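Notes follow the structure.
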Protein chains: 2
Amino acid sequence: MRLTHEQFRELAAKHGLAVTHQRQVVYEAVIASHGHHSPESIYAAVRRRIPSISLATVYNNLRLFIECGLLREVTPHASTLRVDGNIKPHHHLVCSRCKSVQDIEGEFIDFNRLSRQLPDGFDLTQPLIEVFGLCRRCRAKT
Amino acid sequence: MRLTHEQFRELAAKHGLAVTHQRQVVYEAVIASHGHHSPESIYAAVRRRIPSISLATVYNNLRLFIECGLLREVTPHASTLRVDGNIKPHHHLVCSRCKSVQDIEGEFIDFNRLSRQLPDGFDLTQPLIEVFGLCRRCRAKT
DNA sequence: CGATCGTTTTATACTGATTATTATTCGATA
DNA sequence: TATCGAATAATAATCAGTATAAAACGATCG
Ligand SMILES: [Mn+2]
Ligand SMILES: [Mn+2]
Ligand SMILES: [Zn+2]
Ligand SMILES: [Zn+2]
């Protein structure tokens, strides 16, 4: 999706961001992609319009957009592999900020409703849920 | 938790794994850690009992344990950052195998029950849920 | 026993994603 | 036009994880 300079200007202002050409193009590439894409693939798309752009600029601006709420991050606890010795099916509570993981009990999922929403062929025989929020410590830090 | 050699031997046999001293110590380190730890931290723990162990062995055996179901992986889509241009609160359906992400609609969470399970101080004002399963393609591959 | 062979471990090199650093460029303003 | 802070580009560095190849292990057979 292309935005006019005016539209992006307004959007950026609302989120407290300075406007640059690079930023507008990066943002538009994300929106146009209609999915959940990696920085590399955004970079590839952006280069078609700004061949001289640097990968670091793409990363910087994606981070910036995420911080100010223009984009949403989809990478729960992506930094490193984690293993769980408890293989009984159970769900997790994850802090969006510090990526800490703790177990959570309880039957809070309506599996009937959930299965009605599943795309065809998706296998949910061992459903695992991750609920994201802010842990106490991160919340305290503001 | 320490297991006797016999206990681990039995456990490994059940999952079709050969028994080695390294494997037993790695496994015990995960179980004893009672949490969701990274390979590096498991490595640190294991080195206290086998100073000569190599990091690759820890990785190899963790992967092996995960594959055969002795451990559970807790790393949803860990390989790389993903961004979402859609910042309206919505939930995701994630394939545990290929890490693909798609949106999922619907009110399938009972937030009353959920909040009752939350540890003190956990902030769930903007609850985001990720539901894990197997996408059609990965399911077909067996 | 002692040789053999497949498996496991070790040591180390390598890759790929991300971040850090630093110099350059840009743009608003005086 | 000169100045200054912010943004970008170029590049180096880091870090998690994987690949590779040599060494060690351990069961088995003669
Ligand atoms: Mn757990
Ligand atoms: Mn989404
Ligand atoms: Zn936190
Ligand atoms: Zn899949």
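Chain letters run A, B, ... following the sequence lines, proteins first, then strands; residues in each count from 1. Note that this is a predicted model, so its numbers are computed, not measured.
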Check: What integer distance in Å separates B:Glu73:CD from D:dG17:P?
Finding: 10 Å

Check: The side chain of A:Ala56 lies closest to which of these nucleotides: C:dT9, D:dA10, D:dT8?
Finding: D:dA10

Checklist line | Whole-Å gap separating P (C:dT25) and CD (A:Gln22) | finding: 14 Å

Can you give me every donor-acceptor pair (side chain of residues 109-118 of chain A, partner residue at least two apart or in another chain, under 3.5 Å) with its distance?
from, atom 1, to, atom 2, distance (Å)
A:Asp110, OD1, A:Asn112, N, 3.1
A:Asp110, OD1, A:Arg113, N, 3.1
A:Arg113, NH1, B:Glu107, O, 3.0
A:Ser115, OG, A:Phe111, O, 2.3
A:Ser115, OG, A:Asn112, O, 3.4

Item checked: Distance flag, aromatic centroids of B:His21 and B:His5, threshold under 6.0 Å -> no

Item checked: Atom pair distance, as rounded to whole Å: CZ in A:Arg9 and P in C:dG27 -> 13 Å

Next item on the list: Give the rounded distance in Å between these two atoms: CZ of B:Arg23 and P of D:dA24.
Entry: 19 Å

Next item on the list: May I have the distance from A:Ile53 (atom CD1) to D:dA7 (atom C1'), rounded to whole angstrom?
Entry: 11 Å

Check: For the side chain of A:Thr80, counting heavy atoms from C-beta on, which of C:dA20, D:dG17, C:dT9 is nearest?
Finding: D:dG17

Next item on the list: Take atom CG of A:Asn60 and atom P of C:dT18, then tell me their distance rounded to the nearest Å.
Entry: 13 Å

Checklist line | Whichever of B:Thr57 and B:Leu81 has its nearest DNA chain C nucleotide further upstream toward 5' | finding: B:Thr57

Notebook entry, point to check: Could you give the NE2-to-P distance, from A:His37 to C:dA17, as a whole number of Å?
Noted result: 16 Å

Note to self: Judged by each residue's nearest nucleotide on DNA chain C, which is more toward the 5′ side, B:Ile50 or A:Leu55?
What the structure shows: B:Ile50

Margin query: Check the orientation of A:Phe65 and A:Phe8. Use parallel for under 30°, tilted for 30 to 60°, and perpendicular for over 60°.
Written below: perpendicular

Check: Do the side-chain N or O atoms of A:Thr20 get closer than 4.0 angstrom to the phosphate oxygens (OP1, OP2) of C:dC26?
Finding: no

Notebook entry, point to check: For the side chain of A:Pro39, counting heavy atoms from C-beta on, which of C:dT18, D:dA10, C:dT8 is nearest?
Noted result: C:dT18

Checklist line | Integer-rounded Å distance: D:dT8 C1' and A:Arg63 CZ | finding: 18 Å

Checklist line | Touch class at under 4.0 angstrom, heavy-atom based, for B:Ser52 against every strand present | finding: sugar-phosphate

Check: Of all heavy-atom pairs between B:Thr80 and A:Pro39, which one has the smallest distance, and what is that distance?
Finding: OG1-CD, 4.1 Å

Note to self: Ring centres under 6.0 Å, that's the criterion: do A:His91 and A:Phe108 meet it?
What the structure shows: yes

